[in-house]
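Everything below concerns the one structure shown next.
What you see is a predicted model; the values in this text were computed from it and never measured. Atoms considered below: every heavy atom in the structure, side chains included; atoms not considered: hydrogens, waters and symmetry mates.
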There are 2 protein chains.
Amino acid sequence: MDTAYHEILQRSSNWYLFPTYTGQVSEDIECDVFSSACPSRPVLEDVTGRWGALALGALADGPMRFNELRRHVDGVSQKMLAQSLQALERDGLVLRDVQSTFPLKVEYSLTPTGAVLAGKLLDLIAYLTTSMPTILTAQQTYDEAHTG
Amino acid sequence: MDTAYHEILQRSSNWYLFPTYTGQVSEDIECDVFSSACPSRPVLEDVTGRWGALALGALADGPMRFNELRRHVDGVSQKMLAQSLQALERDGLVLRDVQSTFPLKVEYSLTPTGAVLAGKLLDLIAYLTTSMPTILTAQQTYDEAHTG
DNA sequence: CGGGATCCGTGGTGATACTG
DNA sequence: CAGTATCACCACGGATCCCG
């Protein structure tokens, strides 16, 4: 990965460009999340980000409307949910189906790729959940040791 | 989960308390990341957060020293890496071994629980990586459709 | 109902410098 | 080498209002 490409990508903080990917996308692209310039970095953040992960996980239950999703992902604001969903839609992980009836009806669902990622996320979350007793005691121990 | 407990937890933004978990931790705790008050929420953020996820993933390669880790996780600042590692250590997912030689030597490694989570993260990352061509074209399509 | 637009606080984040 | 401390800043994220 040459330095010029590096510089271009690092300059754009949130809205990333990948000029070299324009046109045909060959499979011999080296994609490494551990490299800060790789386009996969922001996608990983969309997927594992605070609300993105929960939105994906919730959608694994099946298609859902906006406010329905909002209730599932407890604590998320309208703004952040809309923002996260847009990012996921842009990444081709979430589908947005608008029915222009009145009142407006918008259904969100997972694309095949999104469904796989959601599954892996839920797998991680499930393990995390079962590990919570261990984790909580670890936190207590740590906090007691670091008093002051 | 009663409301009083709910309120206490919601007030603390980042440094969370779980008074009801003090003492013995029974297994019949309902732990649901989708509930904003659940102690697993902040842990999930530690694990899937911007730098936490990459740190865990890097440590799956084996124990590593601080600056070694810093080179692996390209783009992370000292501050954020230290911060992320502390959170993971507090959660009992990362072990910190200090050798008080000179120069100072600190080795980070994964605990058993951390290793499992790291594995699941790497699994997700691997799939994400292979999906990048699809995702990139999806992004292009989206961007072209939303011109203006 | 599902957002977009706007305003605004605060805290997450990085740069720099300093300590053990 | 492995952090901590301080500072300054911008973006995240919430609240509110408004539109289709």
* To do: With sequence neighbours excluded, give me every side-chain hydrogen bond (donor to acceptor under 3.5 Å, both in side chains) pair touching residues 101-114 of chain B.
  => Arg96(B)-Tyr108(B)
* To do: Find the bend of the helix from dC1(C)-dG20(D) to dG20(C)-dC1(D) as the angle between its two terminal axes (five pairs each), to the nearest 10°.
  => 50°
* Round to a whole Å and report the spacing from CG of Leu81(A) to C1' of dC1(C). => 14 Å
* Structure fact -> Testing dT4(D), dG2(C), dA2(D) for proximity to the side chain of Ala82(B), the answer is dT4(D)
* Structure fact -> So salt bridge (Lys or Arg N to Asp or Glu O under 4.0 Å) across residues 79-88 of chain A, not counting sequence neighbours, yields none
* For residues Leu81(A) and Val76(A), report the shortest heavy-atom separation together with the two atoms involved. => N-CG2, 3.7 Å
* Once you round it to whole Å, what is the distance between P of dA2(D) and CD of Glu68(B)? -> 9 Å
* Asked: Rounded to whole angstroms, how far apart are CG on Asp97(B) and P on dC1(D)?
  -> 18 Å
* Structure fact -> note: Gln86(A), atom CD; dG2(C), atom C1'; distance rounded to Å ~ 11 Å
* CG-CD1 distance between Asp32(B) and Ile125(A), expressed to the nearest 0.5 angstrom -> 9.0 Å
* Phosphate oxygens OP1/OP2 of dC1(D): is one of them under 4.0 Å from a side-chain N or O of Tyr108(B)? -> no
* Structure fact -> Checking Val116(A), Leu93(A), Val94(A), Leu88(A) against Leu110(A) for side chain to side chain contact (heavy atoms under 4.5 Å, CB included), the one that qualifies is Val94(A)
* Please, which pairs that meet salt bridge (Lys or Arg N to Asp or Glu O under 4.0 Å) have at least one residue in residues 116-138 of chain B, sequence neighbours excluded? -> Lys120(A)-Asp123(B), Asp123(A)-Lys120(B)
* Asked: Is the phosphate of dC1(C), meaning OP1 or OP2, less than 4.0 Å from a side-chain N or O of Arg65(A)?
  -> no
* To do: Spell out protein contact along nucleotides 13-20 of chain D as letters: B when the base is contacted, S when just the sugar-phosphate is, - when no protein heavy atom is under 4.0 Å; keep the 5' to 3' order.
  => BBB----B
* Which of these nucleotides, dT4(D), dG2(C), dG3(C), is closest to any side-chain atom of Asn67(A)? -> dG2(C)
* Leu85(B) CG to dA2(D) P, straight-line distance once rounded to whole Å -> 11 Å
* To do: Tell me what Glu107(B) touches on the nucleic acid: a base, only sugar-phosphate, or nothing, going by heavy atoms under 4.0 Å.
  => nothing
* Asked: Which part of the nucleic acid, if any, lies within reach of Arg70(B) when heavy atoms closer than 4.0 Å are counted: base, sugar-phosphate only, or nothing?
  -> nothing
* **Test item: Asp74(A) side-chain N/O and Ser36(B) main-chain N/O as donor-acceptor pair under 3.5 Å** => yes
* **Spacing of Gln99(A) atom CD relative to dG3(C) atom P, expressed in whole Å** => 12 Å
* **Distance, rounded to the nearest Å, where Glu45(A) contributes CD and dG12(C) contributes C1'** => 13 Å
Compile the donor-acceptor pairs under 3.5 Å between side chains in residues 50-68 of chain B and protein atoms, sequence neighbours left out, one pair per line.
{"from": "Arg65(B)", "atom 1": "NH2", "to": "Leu104(B)", "atom 2": "O", "distance (Å)": "3.3"}
{"from": "Glu68(B)", "atom 1": "OE1", "to": "Arg65(B)", "atom 2": "N", "distance (Å)": "3.1"}

* Asked: Taking the side chain from Ser35(A) and the backbone from Cys31(A), do they hold a donor-acceptor pair closer than 3.5 Å?
  -> no
